[in-house]
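In what follows, a structure is listed as structure tokens, so that the remarks can point back to it.
For the numbers below, each heavy atom of this structure counts, side chains included, while hydrogens, waters and symmetry mates do not. All chains are named by letter (A, B, ...) in the order of the sequence lines, taking the proteins before the strands, and each is independently numbered beginning at 1.
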Amino acid sequence: MAFPSDILGMQRSINKMFDSLFRGGTWDEDVASSLWNPPVDVEERDQEYVVRVELPGVAREDVNITTRENILTVRGEKKQKKETKEPNYHRMERLYGSFQRSFSLPGSVKNDKIEATFKDGVLEVLVPKAEEAKAKTIEVKVK
Amino acid sequence: MTNKNDVTVVRSTAELPVRQAGREAEFVRPSTDVYETSEAYVITIDMPGVPKDAVHVTMDQNSLVVKGTVGERYGEKSTILFAELQKNGYYRVFNLGDGIDRNSIDARYEEGVLTVRLLKKEETKPRQIAIQ
């Protein structure tokens, strides 16, 4: 789908602004031009963080998850599947191509214990918290 | 789209025929591709987060209605730090032209994508005309 490039440019700068404000992840300027950003949820539970990414129609082998300290990056590619070689498109609203999302989780995590599954087009990444990040209740005695 | 055999997308959630209550009032219009082959129209709809049994496809004489409710996903005592995913569901109506065979429609749902295949009527398929 062809968008005027100024709209895409505007979208990119807004995405970039949001990323630098809210996510600690850094945005690679060179690859950014061809990327789209799937929606993300981050849920914090007692023992773990659950990161969910909307990736309908994306094959599991086309998704790559990496971590560096407490920064989690999900990248990959959504490929177009069609039943003929020359389909006549009437409407094309779904996004295809490479995607990338990066964000920093609030506390330290166990990088080697991360697990991911796909459920109804949503990627679910379970990131266990490191011991020091788990909430500790300290009883304060009042004299 | 002037061809009367087209599958046209004419209504969206904002123009629901009946006022919806609760979660359904928040349903959004899902991203959709529509393409045509010599045999059929194929509609592909992204509905991430909807379990298979919560996808409903209904058809009457003139339209195909697609609806899906997103499943529960959060734990009871958790904190949501970031919430961009669709929370409620999807709703979209497609108007069907005369060229579609109402008796041969099939729908498949996998990986959060609904694919509906609408076969063309025999008389609307492209034909090779023999030159005398």
Side-chain angles (χ1 to χ4, degrees), chain A residues 1 15 18 22-23 25 36-60 62-63 72 78-96 101 103-107 117-124 126-127 135, chain B residues 1-3 5-9 12 28-55 68-71 73-87 90 92 94 97 108-115 117 126:
Chain A
M1 185 156 30
N15 287 342
F18 266 82
F22 300 117
R23 285 156 214 169
W36 55 277
N37 302 311
V40 169
D41 265 16
V42 182
E43 173 184 355
E44 182 176 0
R45 296 181 183 164
D46 284 348
Q47 309 288 323
E48 64 199 353
Y49 294 102
V50 187
V51 177
R52 293 184 184 84
V53 190
E54 264 183 16
L55 296 172
V58 176
R60 61 194 68 214
D62 293 332
V63 176
L72 185 80
K78 180 167 175 175
K79 292 173 181 160
Q80 204 166 5
K81 286 179 212 153
K82 47 191 188 256
E83 63 176 66
T84 60
K85 282 196 176 117
E86 291 173 357
N88 174 11
Y89 271 92
H90 289 243
R91 200 164 264 277
M92 204 152 116
E93 300 167 352
R94 301 164 70 222
L95 294 164
Y96 297 102
R101 282 298 291 266
F103 28 80
S104 56
L105 296 166
T117 49
F118 251 116
K119 197 179 156 197
D120 303 321
V122 176
L123 176 74
E124 204 171 274
L126 298 180
V127 189
Chain B
M1 287 199 278
T2 50
N3 187 337
N5 300 325
D6 275 352
V7 177
T8 50
V9 185
S12 70
V28 299
R29 184 175 150 128
S31 296
T32 300
D33 287 354
V34 180
Y35 67 83
E36 182 184 346
T37 70
S38 54
E39 300 282 307
Y41 290 95
V42 182
I43 307 179
T44 4
I45 309 165
D46 278 347
M47 302 173 94
V50 178
K52 193 171 189 170
D53 56 10
V55 178
T69 309
V70 170
R73 52 169 79 108
Y74 301 131
E76 263 176 37
K77 291 192 330 191
S78 52
T79 313
I80 311 304
L81 306 173
F82 230 76
E84 297 173 345
L85 263 60
Q86 184 45 236
K87 292 171 196 62
Y90 309 89
R92 194 151 178 176
F94 301 86
R108 209 175 61 231
Y109 183 74
E110 50 191 16
E111 298 168 354
V113 181
L114 175 68
T115 306
R117 226 166 153 270

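- The neighbour count for Lys52(B) NZ, taken as heavy atoms of other residues, nucleotides or ligands under 6.0 Å away, does not exceed 12.
- Contacts between Thr44(B) and chain A at a heavy-atom distance below 4.5 Å involve backbone atoms as well as side-chain atoms.
- Closest heavy-atom contact between Arg52(A) and Arg73(B): NH2-O, 2.8 Å.
- Glu44(A) CD to Ile80(B) CD1: the interatomic distance, rounded to the nearest 0.5 Å, is 10.0 Å.
- Every residue meeting the side chain to side chain donor-acceptor pair (under 3.5 Å) condition with Arg45(A), not counting sequence neighbours, appears here in chain and number order: Glu43(A), Glu48(A).
- At a threshold of 4.5 Å between non-hydrogen side-chain atoms, the residues Asp120(A) and Tyr109(B) count as touching.
- Contact between Gly112(B) and Pro56(A) at its shortest, heavy atoms only, is O-CB, 3.7 Å.
- Note on Asp46(B) versus Lys78(A): salt bridge recorded, some NZ/NE/NH1/NH2 to OD/OE distance being below 4.0 Å.
- Across all non-hydrogen atoms, the minimal contact from Arg101(A) to Glu84(B) is NH1-OE1, 3.0 Å.
- Using a distance-only test at 3.5 Å, with no hydrogens or angles considered, a donor-acceptor pair links the side chain of Asp33(B) to the main chain of Glu93(A).
- To the nearest 0.5 Å, the span separating CD on Gln47(A) from OG on Ser78(B) amounts to 13.0 Å.
- In this structure, chain A has heavy atoms under 4.5 Å from both the backbone and the side chain of Gln86(B).
- The two atoms that bring Asp41(A) and Leu85(B) nearest to each other are OD1-N, 3.0 Å, heavy atoms only.
- For Phe118(A), no part lies near chain B; criterion is any non-hydrogen pair under 4.5 Å.
- Interface residue Val50(B): only backbone heavy atoms are found under 4.5 Å from chain A.
- Using a 30° and 60° split on the angle between ring planes, His90(A) and Tyr41(B) fall in the perpendicular class, above 60°.
- No option in Lys119(A), Lys81(A), Arg60(A) other than Lys81(A) meets the salt bridge (Lys or Arg N to Asp or Glu O under 4.0 Å) test with Glu111(B).
- Scanning all heavy atoms of the two residues, the minimum distance from Leu81(B) to Pro106(A) falls at CD1-CG, 3.6 Å.
- Here the closest non-hydrogen pair linking Arg94(A) and Val113(B) is NH2-CG1, 3.5 Å.
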